[in-house]
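Here is the naming used below: chain letters follow the sequence lines, and residue numbers restart at 1 for every chain.
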Protein chains: 2
Amino acid sequence: MQHQKLATIEDVAAIAGVSIATVSRAINEPTKVADETRRRVTEAIAQTGYTTNAMARSLRMRRSNMILILAPDVGDPNFSNILVGLETEASKRGYGVLIGNTQNDPAREADYLRFISSNQADGLILFTGHLPYGYGNDAGESRLPPMVAVNEPVSNSDVPFVGVDNFEGSRIAAEHLISQGHRRIAFIGRSTSKAVNILREKGYRAALEGHGIAIDPRLILDGDGTTESGRAATEHMFVRDVLPTAFLCVNDVTALGVIIALTARRYELPRQFSVMGFDDITFASFVSPSLTTMKQPRLKIGEEAMDLLLALLQGKSVERKQVLLRSELIVRNSVGQVGR
Amino acid sequence: MQHQKLATIEDVAAIAGVSIATVSRAINEPTKVADETRRRVTEAIAQTGYTTNAMARSLRMRRSNMILILAPDVGDPNFSNILVGLETEASKRGYGVLIGNTQNDPAREADYLRFISSNQADGLILFTGHLPYGYGNDAGESRLPPMVAVNEPVSNSDVPFVGVDNFEGSRIAAEHLISQGHRRIAFIGRSTSKAVNILREKGYRAALEGHGIAIDPRLILDGDGTTESGRAATEHMFVRDVLPTAFLCVNDVTALGVIIALTARRYELPRQFSVMGFDDITFASFVSPSLTTMKQPRLKIGEEAMDLLLALLQGKSVERKQVLLRSELIVRNSVGQVGR
DNA sequence: TCTGCCTGTGTAAACCTTTACATCAATCAT
DNA sequence: ATGATTGATGTAAAGGTTTACACAGGCAGA
């Protein structure tokens with residue numbers, strides 16, 4: 001009862017009085033069939049409610065028109081908005097998107113590659129920042145499908161990346177703090193491994209140096225981008241009693257931790273301390289004080305990334321290995337003039 | 001260069017010295033082939049790096065092992081966590097999940113049904129609260145695939161629903177406020193159309209009535225579940241000067257609006273007003289004051305829903321048309337004793 | 001009139017599985 | 001000794017497309 005025998009191309013052909021080849025052509029290359037024939041086929045299709053069986057088509061054409069999205073955490077605040085962009089563009093071009101939530105588990109990553117190796121997906125969008133595990137194993141043939149990275153570039157590889165110009169964005173953020181009179185600006189979220197963190201720190205340094213402000217290494221603290229890391233780093237500064245007037249955080253989530261720590265110590269923001277984030281995730285406007293930050297054009301990132309991937313799939317060679325979009329300064333209430 | 005001719009079942013058969021039927025059986029019904037044969041096949045598979053071509057398999061078996069998830073808004077805070085549950089369970093059972101972001105656009109909903117009608121997906125998870133548009137059109141055959149609703153039940157239909165017991169949860173929430181001494185409790189987010197809102201209002205009413213507290217209609221305000229609706233409703237109460245001591249909101253997002261309105265008016269929370277939400281979305285713990293709310297077991301909801309859908313796909317008849325899970329009271333800092 | 005080309009269509013192969021059915025050998029019951 | 005049953009495997013069909021190639025007819029150019 002589930003399948004009531006769908007109409008096939010043969011049914012359509014019979015009704016239209018043509019061969020199946022002609023039906024196929026009428027659908028896929030309309031100009032190649034005579035007007036009158038095309039009309040009859042179209043009518044037969046409407047009459048039967050025919051839809052091309054995607055499986056048969058994929059089998060024959062060796063391509064599924066599906067894109068696999070590999071993300072370490074579907075709940076990540078950056079993820080969902082980029083996903084919308086990816087999905088919109090894919091849908092517009094007749095592609096579907098498949099979600100793989102890997103939780104950074106190598107086993108799950110490897111498992112998801114079955115979609116690639118079994119021809120169920122033609123290309124890959126990587127949120128993970130690294131090539132998926134499970135390539136080049138047993139059989140030795142590391143058959144990499146076309147792929148594009150978003151959110152985080154893939155370290156030492158030439159996988160094209162679409163994202164925000166982290167260096168420039170962070171520089172602008174720091175400039176903003178400087179324009180408000182800040183000189184002692186902390187950077188929270190240093191990392192030696194994550195490319196995003198490294199670039200944002202560089203932007204911070206560039207801005208300070210550009211204004212002749214000496215970099216105080218004691219104001220640069222490690223962090224892995226979590227709320228807890230922001231909180232801990234802030235506490236650490238109070239313990240060591242080396243304090244800035246402003247905190248530039250590697251991302252909004254970290255900034256939230258900083259705000260929590262400062263609020264817990266009963267400081268008034270932004271009168272006593274300024275805090276800046278990066279990303280403009282949803283809650284940035286809800287937290288109190290609402291967060292001044294750099295907005296990532298996430299929708300656009302998703303669309304551009306999908307566009308690039310589909311171009312790759314069509315065999316176009318990609319000139320640009322990186323597409324860097326501009327982030328936008330969003331001024332809210334967490335940054336104030338230094339000394340009132 | 002993209003496809004370097006993957007190994008097929010024939011290659012494996014040749015190496016193992018058996019027929020392709022035996023290879024297929026060795027993979028899918030291992031008990032049906034002799035131990036020694038199975039060993040040879042397994043080795044041949046390893047040697048060639050063979051993976052079953054999912055398209056050929058789906059074509060033959062008339063099932064794709066894919067589930068389509070139709071959601072009006074991928075960015076919805078409830079969505080991503082349920083998705084994780086859906087995805088985890090699907091993945092565990094060898095299914096993949098396809099995302100369809102409909103934005104409540106009938107055209108997009110209809111378009112996504114091509115995945116169903118073209119056999120690219122076997123079942124449907126509905127976040128939308130209504131049957132997809134586009135069924136029963138031209139051809140007249142409204143061929144509904146197996147489906148399960150989450151987040152919102154599908155109004156007047158017998159589509160199975162997995163979610164939280166909204167009536168009971170809301171009752172518990174109201175009880176909590178009552179236990180803190182509140183008697184004048186507002187309900188923000190009344191709606192005559194949305195099932196979730198209706199049930200939560202009923203739970204609110206039941207709790208008050210159970211404690212002999214008269215219901216004051218002036219304390220029940222309309223709202224569509226957005227932050228703005230919460231803000232506006234609160235303002236409205238101040239204008240009319242009919243004030244509660246506590247606000248029970250239809251969801252966290254609405255509660256946020258209430259908090260924003262109260263904070264803007266310089267009230268101190270929870271000393272002067274208490275606010276409760278529902279859902280426990282991510283930012284609930286970050287907002288200030290952190291929000292006391294009812295937590296939805298979203299991961300569990302996703303898993304149960306997928307489990308139910310897969311059961312349906314196997315032709316099992318479903319006894320329960322609804323799976324109602326319990327929500328959990330999360331006490332934070334937005335609710336206080338009345339009168340200190 | 002013949003040759004060659006173009007347009008429109010049909011035939012059949014290929015894509016890669018799963019599985020009903022057939023076959024064969026070996027075991028078992030009578 | 002014979003017939004029935006069981007177990008392991010092979011043969012071939014079916015699933016629904018796309019597309020290379022062949023073919024037929026019409027038409028233009030010589």
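The residue B:A21 sits close to a base: some heavy atom pair falls under 4.0 Å. Heavy atoms of B:T22 sit under 4.0 angstrom from primed sugar atoms or phosphate atoms, though from no base atom.
For residues 56-84 of chain B, the ring-ring contact (aromatic ring centres under 6.0 Å, His included) pairs, not counting sequence neighbours, are B:F79-B:F127.
Counting to the nearest Å, the C1' atom of C:dA14 and the CD1 atom of A:I20 are 12 Å from each other. A straight line from CZ of B:R63 to P of D:dA14 spans 21 Å, rounded to a whole angstrom. Across the protein-nucleic acid pair, B:I9 atom CD1 and D:dA12 atom P stand 17 Å apart, rounded to whole Å. To the nearest angstrom, C1' of C:dG8 lies 11 Å from NZ of A:K32. Distance, B:M55 CE to C:dT18 C1': 17 Å, rounded to whole Å. Atom CD1 in A:I27 sits about 8 Å away from atom P in D:dT17, given to the nearest Å. Atom CZ of A:R57 and atom C1' of C:dC16 are 18 Å apart (whole Å).
Of the two residues contacting DNA chain C, namely B:N53 and B:E29, the nearest-nucleotide position lying further toward the 5' end is that of B:N53. Two residues, B:T31 and B:L59, neighbour DNA chain D, and the one matched to the more 5' nucleotide by heavy-atom proximity is B:T31. With DNA chain D read from its 5' end, the first of the two nearest nucleotides for A:T52 and B:D35 is the one closest to B:D35.
Taking OG1 of A:T128 as the start and CD of A:E109 as the end, the distance is 5.5 Å to the nearest 0.5 Å. Between B:S117 atom OG and A:L6 atom CG the span is 8.0 Å, to the nearest 0.5 Å.
Within a 6.0 Å radius of CZ in A:R93, other residues, nucleotides and ligands contribute more than 12 heavy atoms. The 12-atom threshold is exceeded at CD of A:Q103, counting heavy atoms of other residues, nucleotides or ligands nearer than 6.0 Å.
In terms of phosphate contacts, A:R62 brings a side-chain nitrogen or oxygen within less than 4.0 Å of OP1 or OP2 of C:dC16. Listed pair A:N28 / D:dT18 meets the phosphate criterion, a side-chain N or O lying under 4.0 Å from OP1 or OP2. For C:dT17, the OP1/OP2 oxygens have no side-chain nitrogen or oxygen of B:S24 closer than 4.0 Å.
Of the possible donor and acceptor atoms, one in the side chain of A:D122 sits under 3.5 Å from a partner among the backbone N and O of A:S64.
Considering B:V33, B:N28, B:T8, B:V18 as possible partners of B:V23, the one that fulfils the side chain to side chain contact (heavy atoms under 4.5 Å, CB included) test is B:V18.
Nearest nucleotide to the B:S19 side chain, out of C:dT17, D:dT11, D:dT17: D:dT11.
The pair A:E36-A:R39 counts as a salt bridge, with a side-chain nitrogen and a carboxylate oxygen less than 4.0 angstrom apart.
Scanning atom types as modelled, one donor and one acceptor separated by under 3.5 angstrom connect the side chain of A:R25 and the base of C:dG10. At a cut-off of 3.5 angstrom, counting only N and O atoms as typed in the model, there is no donor on one side facing an acceptor on the other between the side-chain of B:R60 and the base of C:dT17.
Contacts between residues 36-45 of chain B and DNA chain C, counted as heavy-atom distances below 4.0 Å, involve no residue at all.
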